[in-house]
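Worksheet for the structure shown next.
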Amino acid sequence: MTRVEIDGVERAYGAVKVLKGIHLDIEPGEFVVLLGPSGCGKSTLLASIAGLDPVQGGEIRFDGRDVARDEPSDREIGMVFQSYALYPTMTVRKNMSFALRVAGMAKPEIDERVNWAAGVLQIEPLLERKPAALSGGQRQRVAIGRALVRKAKVFLFDEPLSNLDAKLRGEMRAEIKALHEKLQTTFIYVTHDQIEAMTLATRIAVMSGGEIQQFGTPDEIYRFPQTRFVADFIGAPSMNFVDAVLRVEGGRASLEMGQVRVELDDYAFAAPPRDGQPVIFGTRPERITLQGDPSPGAIPARVTGVEPMGADTLVWLDTDGHRWSARVSPEEANALGREVHARPDPQGISLFEPESERRL
Ligand SMILES: Nc1ncnc2c1ncn2[C@@H]1O[C@H](COP(=O)(O)OP(=O)(O)OP(=O)(O)O)[C@@H](O)[C@H]1O
Ligand SMILES: [Mg+2]
């Protein structure tokens, strides 16, 4: 198990900074997911760790040793890409053993490793086939096998499942998770799919514009987003936001939105709240209860759309010009009229500072 420390890594193309001093301390055996929108620098960071893309500043340490200027082949990494890039004329066995043969490894050792990897991935019956005779999921398994045979210290994955259909993606996701549990090796995995990130990661690094916005467990990222960007990016539909003002009276904080007051007795402020302070109030769709009648802490809203999803129903709302969504049970949704009151759960509130967009 290898500790990976990414310490101030920078990369620019001309004047455009693509990685702006990235810091990540990855524990031995972790499954870290790099998550973020297209173009935020995920693949560039992964390629820097692999040694496929030169870093221009900072260090990348494997167990304390800086490898940032080492050749890719000296880094003891295994990498799996989005496109499987299998050699079409070679059998699965030859594809998996290719790098080992190039490295001059003895045949018995090669056979042992290929058989081991094929066993782990349950592709033994496919070893003598060529890639054209494999399904998408089987090809991706071979691509993973090719990385596995290197017995790497760190495995790197760049969107390995994005070419697969939804059902297969779900199955392969479970297999990759099981693989990590079996190998206990450090995994770093790039995706822009938040479900993949939430289900696989021990910790998620949310990136945007070449920076890490937050590095935390899936639960921390979901429940305590440290920036408005993270709050907005994670969750579907995304968090509901509205501008509000803080009130602090007699040591108790509350939130003022027009006529509505929401008590904040349970909110863990990062810094003491100030009376009159403007804030962005955020609440997730599943943290809202809808009622017909007004009550303290409930925001008047008009229903603009209802989307039954099976297990629950999404209700789209207009709250004084803001588009909100609430996730409620089908029974609750059926009972609603057009005018409702949306009551946020005090335990599920996020507050952000409007200027910095950082969590309060
Ligand atoms: N060779 C290059 N020359 C100039 N700019 C580049 C080059 N390669 C990447 N970039 C830019 O660097 C930024 C980060 O690219 P990167 O491929 O790391 O993004 P990503 O987060 O992996 O996105 P995606 O989810 O679309 O794969 C992008 O804005 C991209 O346009
Ligand atoms: Mg990419």
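We use all heavy atoms of the structure for the numbers below, so side chains are in, but hydrogens, waters and symmetry mates are not. One-based numbering, in listed order, for ligands and for the atoms of each. No experiment lies behind these values; they were computed from the predicted model shown.
- Here the heavy atom of the protein found nearest to atom 25 (O) of ligand 1 is Lys42 NZ, 2.8 Å.
- Here Val18 has side-chain heavy atoms under 4.0 Å from ligand 1, and that is the only part of it that gets that close.
- Ion pairing of Asp232 with Arg228 is absent here, as no side-chain N (NZ or NE/NH1/NH2) approaches a carboxylate O to less than 4.0 Å.
- Of the polar atoms of Gly36, none of the N or O atoms is found under 3.5 Å from an N or O of ligand 1, judged by distance alone.
- Look at Ser43 and the Mg ion (ligand 2): an N/O/S atom of the residue is under 2.8 Å from the metal.
- Of all atoms in ligand 1, numbered sequentially from 1 with element shown, those under 4.0 Å from a heavy atom of Glu159 are 25 (O).
- When the shell of 6.0 Å around CG of Asp345 is examined, it contains more than 12 heavy atoms from other residues, nucleotides or ligands.
- Salt-bridge annotation for Glu59 and Arg61: present, with a side-chain N of the basic residue lying under 4.0 Å from a carboxylate O of the acidic one.
- Salt bridge Arg173/Glu196: absent, no basic N to carboxylate O contact under 4.0 Å.
- The existence of a salt bridge linking Asp312 and Arg327 is confirmed by a sub-4.0 Å separation between a basic side-chain nitrogen and an acidic carboxylate oxygen.
- Contacts of Met207 with ligand 1, taken as heavy-atom pairs under 4.0 Å, are absent altogether.
- The distance from ligand 1 to the heavy atoms of Thr44 drops below 4.0 Å at these ligand atoms: 14 (C), 15 (O), 16 (P), 18 (O).
- The heavy atom nearest to atom 17 (O) of ligand 1, considering only Ser43, Gly210, Ser48, is found in Ser43.
- Of all protein heavy atoms, the one lying nearest to atom 26 (O) of ligand 1 is Ser38 OG, 2.5 Å.
- A salt bridge between Glu76 and Arg150 is absent, with no side-chain N of the basic residue lying under 4.0 Å from a carboxylate O of the acidic one.
- The nearest heavy-atom contact from the protein to atom 28 (C) of ligand 1 is Gly39 O, 3.6 Å.
- A salt bridge is absent between Asp63 and Arg3: the closest approach of a Lys/Arg side-chain nitrogen to an acidic carboxylate oxygen does not fall below 4.0 angstrom.
- Using modelled atom types and a 3.5 Å distance limit, the side chains of Asp53 and Thr44 yield no donor-acceptor pair.
- In terms of protein heavy-atom proximity, atom 9 (C) of ligand 1 is closest to Tyr13 CE1, 3.5 Å.
- Under a 4.0 Å N-O distance rule, the pair Lys177/Glu181 does not qualify as a salt bridge.
- Note: an N/O pair closer than 3.5 Å links Cys40 and ligand 1 by distance alone.
- Shown here, atom 30 (C) of ligand 1 is out of close reach of the protein: none of its heavy atoms lies under 4.0 Å off.
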